[in-house]
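Step one of this worksheet: look at the structure below.
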Amino acid sequence: MQRVFVRSKTLITVASNCIFFPPSLPFYLQNQKQQRAFHSNSNSGNTPFGSPTRVQKLIASQSDPLLAKEIFDVASRQPNFRHTYSTYLILILKLGRSKHFSLIDHLLRCLKSDSHPITPTLFTYLIRVYAEADLPDKALKTFYNILHFNCKPLPKHLNRILEILVSHRNYIRSAFLLFRDAHRYGVEPNTKSYNILMRAFCLNGDISIAYSLFNKMFKRDVVPDIESYRILMQALCRKSQVNGAVDLLEDMLNKGFVPDSLTYTTLLNSLCRKKKLREAYKLLCRMKVKGCNPDIVHYNTVILGFCREGRAHDACKVITDMRANGCLPNLVSYRTLVSGLCDMGMIDEASKYVEEMFCKGFSPHFSVVHALVKGFCNVGRVEDACGVLTKSLEHGEAPHVDTWMVLMPVICEVDDGGKISGALEEVLKIEIKGHTRIVDAGIGLENYLIRKIRANSTRVFPAPTDRENVKSCLTELAYCSNPFKRALTASREQLVSTITSRVRPVLDSDETISYELLEAEYAMRTVKGRVCTPYSNGNDSKFRKGEVRGVLGMRVGVKPEAVAAVKL
């Protein structure tokens, strides 16, 4: 026999020896045998649902939390039936994730009246549910509900509730009051509890309160950890109090703590921003002695600090130290260093590091190429700039449009046109790809020359005697545009050859389909023995009712036998 439980349009069938419906629906027994079996089960203490474990599995298998709650309520009304503690936990999670919080409160009251032994797992679930729903009030209330269930709160409950509260700026005071009174409820805050509040006050700008909490840790025999120091150091660095952060680091080292990588990164970044590069370099050298090997982030931070202050030669020393300590420079290291060297006018040194990049297999970033090309152009070494551009294209790195915009005006202004033309032609011999944006460069060159002519128009065109100047200017324009014309022609031919091979099969296929449609139309008309005569009505052509519309482009279904007959 089976028992059927109905809720709205959902039907649940559970194996049993009788049929059961909810009390809200008509309840009946189909025959006397079923009635005797039902009364026999009731007198023996069993319910039509079976054991509480079966009800627990049934509730756990439901995807609809309201249906699971209805099954729970119906089973609760049966005589001599008592839900398991696990059933309460499963249903609370289901209702919480679907945000039926009023039903959770009802379940908690039922659980309290059912006299089950309560474990801290229940409140861990509740706090998790309210955290996912972003309900700080409910989470705070849960802490006091733990006491009503005669259960002792755990430090993890306190810490999770504090995290929920401090994530809302309006609840920082409530978090502090809960932290202050926690010992009255039998739970002592631990190091994590202090760290949560210290971070909240630091982010809120109240460093003095965070410092007082840090000092109370020692008074209450709570040992701070690395995170405790790092929270205060980060707050001091944000307030530009780098000296206080360094003193805190010394105190940390004196007490036997080993700072982690993030702590050193925070200090190095702050020292470099405050232009205390000597102290930053000393700290970088001390890291390995104090048990923390510098990584690529630490070195790049100091390299960036030196380059920002125009001390790229000192950044080169940091690169040397990196190799000595077994830390290889990465793309960020080279990019920062090359940009710094170019800004200082050390173009040859920057070119050496770019060559080193190529030798080590690094693909040059377009910013590195731009910095070096701009550096060569600033000192008038256009041939070297074109050489850098050539190597960049050979390694598959497309120069940015801004790089072309820097290079083209310099090419137009130099006197030795023959050498520059040859260098530019070497650049254009490299395979031009779609992302090199040479067309944009050509457009930019045209705009530059137009602006140049307009700016000099009063000097170039004052009288007919200046026609020779006009001719020379136009000759210069044509001379400079010839390489781009050749490049554009080559690109166009390459594009046509590439696209034609892909488009030709499509065009041939369309032509074949069009021919087959016309042939099929003729076959259909011949088989049916009719001639479809269109008649005009305005600008539209229509066919008479019942006749085939064999219009080109429309799919015409023709039997193979008809087509074969036409071909014969």
Side-chain angles (χ1 to χ4, degrees), residues 155-156 158-159 162-163 166 172 175-176 179-180 182-183 188-306 318 321-322 324-327:
K156 67 177 182 179
L158 174 64
N159 295 337
L162 288 176
E163 288 176 346
V166 300
I172 293 180
F176 180 74
F179 170 84
R180 185 190 63 185
H183 66 280
E188 292 293 336
N190 55 14
T191 304
K192 186 176 180 180
S193 309
Y194 282 92
N195 290 343
I196 293 170
L197 279 182
M198 286 166 56
R199 182 182 293 106
F201 283 117
C202 287
L203 293 177
N204 201 37
D206 299 323
I207 302 181
S208 59
I209 301 177
Y211 251 114
S212 64
L213 288 173
F214 181 76
N215 294 327
K216 284 184 179 180
M217 294 177 69
F218 298 98
K219 296 179 181 179
R220 296 181 179 179
D221 296 331
V222 179
V223 180
D225 57 4
I226 299 174
E227 186 178 0
S228 307
Y229 283 96
R230 185 174 63 244
I231 291 170
L232 289 178
M233 292 167 65
Q234 289 175 344
L236 291 171
C237 291
R238 282 194 296 268
K239 291 289 185 178
S240 299
Q241 300 178 17
V242 187
N243 294 331
V246 173
D247 294 339
L248 202 58
L249 176 67
E250 295 296 333
D251 180 69
M252 184 179 181
L253 295 171
N254 293 333
K255 291 181 179 178
F257 290 99
V258 178
D260 58 355
S261 177
L262 183 57
T263 304
Y264 280 110
T265 303
T266 303
L267 275 178
L268 288 173
N269 190 31
S270 299
L271 289 170
C272 291
R273 289 185 178 275
K274 294 293 290 185
K275 302 180 181 180
K276 297 186 176 183
L277 301 176
R278 183 177 180 181
E279 291 80 357
Y281 185 72
K282 286 183 178 180
L283 182 61
L284 184 67
C285 297
R286 288 180 58 192
M287 286 180 62
K288 190 172 183 180
V289 180
K290 297 299 181 180
C292 182
N293 289 325
D295 57 15
I296 189 66
V297 177
H298 301 130
Y299 284 111
N300 287 345
T301 302
V302 179
I303 290 172
L304 180 60
F306 279 123
V318 178
D321 293 341
M322 290 178 66
N325 292 330
C327 184

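At least one side-chain heavy atom of R230 sits under 4.5 Å from a side-chain heavy atom of D260. In this structure, M252 and I226 have side chains that are in contact, with non-hydrogen atoms separated by less than 4.5 Å. Counting heavy atoms from C-beta outward, L249 and L283 have side chains that approach closer than 4.5 Å.
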| query | Can you check side chain to side chain contact (heavy atoms under 4.5 Å, CB included) on M322 and I296, steps first, answer last? | reply | CA-CA 8 Å; M322 290 178 66; I296 189 66; 3.2 Å; yes
| query | Passes side chain to side chain contact (heavy atoms under 4.5 Å, CB included), L213 versus F179? Steps please. | reply | CA-CA 11 Å; L213 288 173; F179 170 84; 3.9 Å; yes
| Test log, rule side chain to side chain donor-acceptor pair (under 3.5 Å), inputs N325 and N293 | CA-CA 9 Å; N325 292 330; N293 289 325; over 6 Å; no
| request: Could you walk me through whether L262 and Q234 pass side chain to side chain contact (heavy atoms under 4.5 Å, CB included), step by step? | output: CA-CA 10 Å; L262 183 57; Q234 289 175 344; 4.2 Å; yes
| Could you go step by step and tell me if D225 and K192 meet the side chain to side chain contact (heavy atoms under 4.5 Å, CB included) rule? | CA-CA 9 Å; D225 57 4; K192 186 176 180 180; over 6 Å; no
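Closest non-hydrogen pair, A235 versus I207, comes out as O-CD1, 3.7 Å. A pairwise comparison of heavy atoms in P155 and N190 identifies CB-ND2, 3.8 Å as the closest pair. The two residues S228 and N195 have their closest heavy-atom pair at OG-OD1, 2.5 Å. Residue D295 comes nearest to S261 through the heavy atom pair OD2-OG, 3.4 Å, listed as atom of the first residue, atom of the second, then distance. Taking both residues in full, the closest heavy atoms of C285 and V289 are given as O-CG2, 4.1 Å, listed atom of the first, atom of the second, then distance. The shortest non-hydrogen separation linking Y299 to P294 is CE1-CB, 3.7 Å.
Only one option out of R286, K290, K255 pairs with E250 in a salt bridge (charged side-chain N to carboxylate O under 4.0 Å, His left out); it is R286. The side chain to side chain contact (heavy atoms under 4.5 Å, CB included) with L268 is formed by just one residue from the set L284, N300, L304, V297; it is L284.
Listed for the S270 side chain is no donor-acceptor partner under 3.5 Å among the backbone atoms of L267. Without hydrogens or angle criteria, N269 side chain to T265 main chain gives no donor-acceptor distance under 3.5 Å. No donor-acceptor pair under 3.5 Å is formed between the side chain of N204 and the backbone N or O of A200. Not a single donor-acceptor pair under 3.5 Å links the side chain of D321 to the backbone N or O of A324.
Among residues two or more places apart in sequence or in another chain, the side-chain contact (heavy atoms from CB on, under 4.5 Å) test is passed with A210 by M198, F201, C202, L232.
Pairs of residues two or more places apart, or lying in two chains, that qualify as side chain to side chain donor-acceptor pair (under 3.5 Å) and include a residue from residues 209-221 are Y194-R220.
Atom CD1 of residue I196 and atom CD1 of residue I231 lie 9.0 Å apart, to the nearest 0.5 angstrom. For the atom pair L197 CG and R180 CZ, the distance stands at 12.0 Å (nearest 0.5 Å). Between atom CG of residue L162 and atom CD1 of residue I172 there is a gap of 11.5 Å, rounded to the nearest 0.5 Å. Atoms CG and NZ, on L277 and K282 in that order, are 12.5 Å from each other to the nearest 0.5 Å. Separating the CZ atom in R238 from the CG atom in L203 is a distance of 5.0 Å, to the nearest 0.5 Å.
In this structure, Y229 and F214 have perpendicular ring planes: the angle between them is above 60°, well past the 30° mark.
At a cut-off of 3.5 Å, with distance as the only test, no side-chain donor of K274 or N243 sits close to an acceptor on the other residue.
A 6.0 Å sphere centred on CZ of R273 holds no more than 12 heavy atoms belonging to other residues, nucleotides or ligands.
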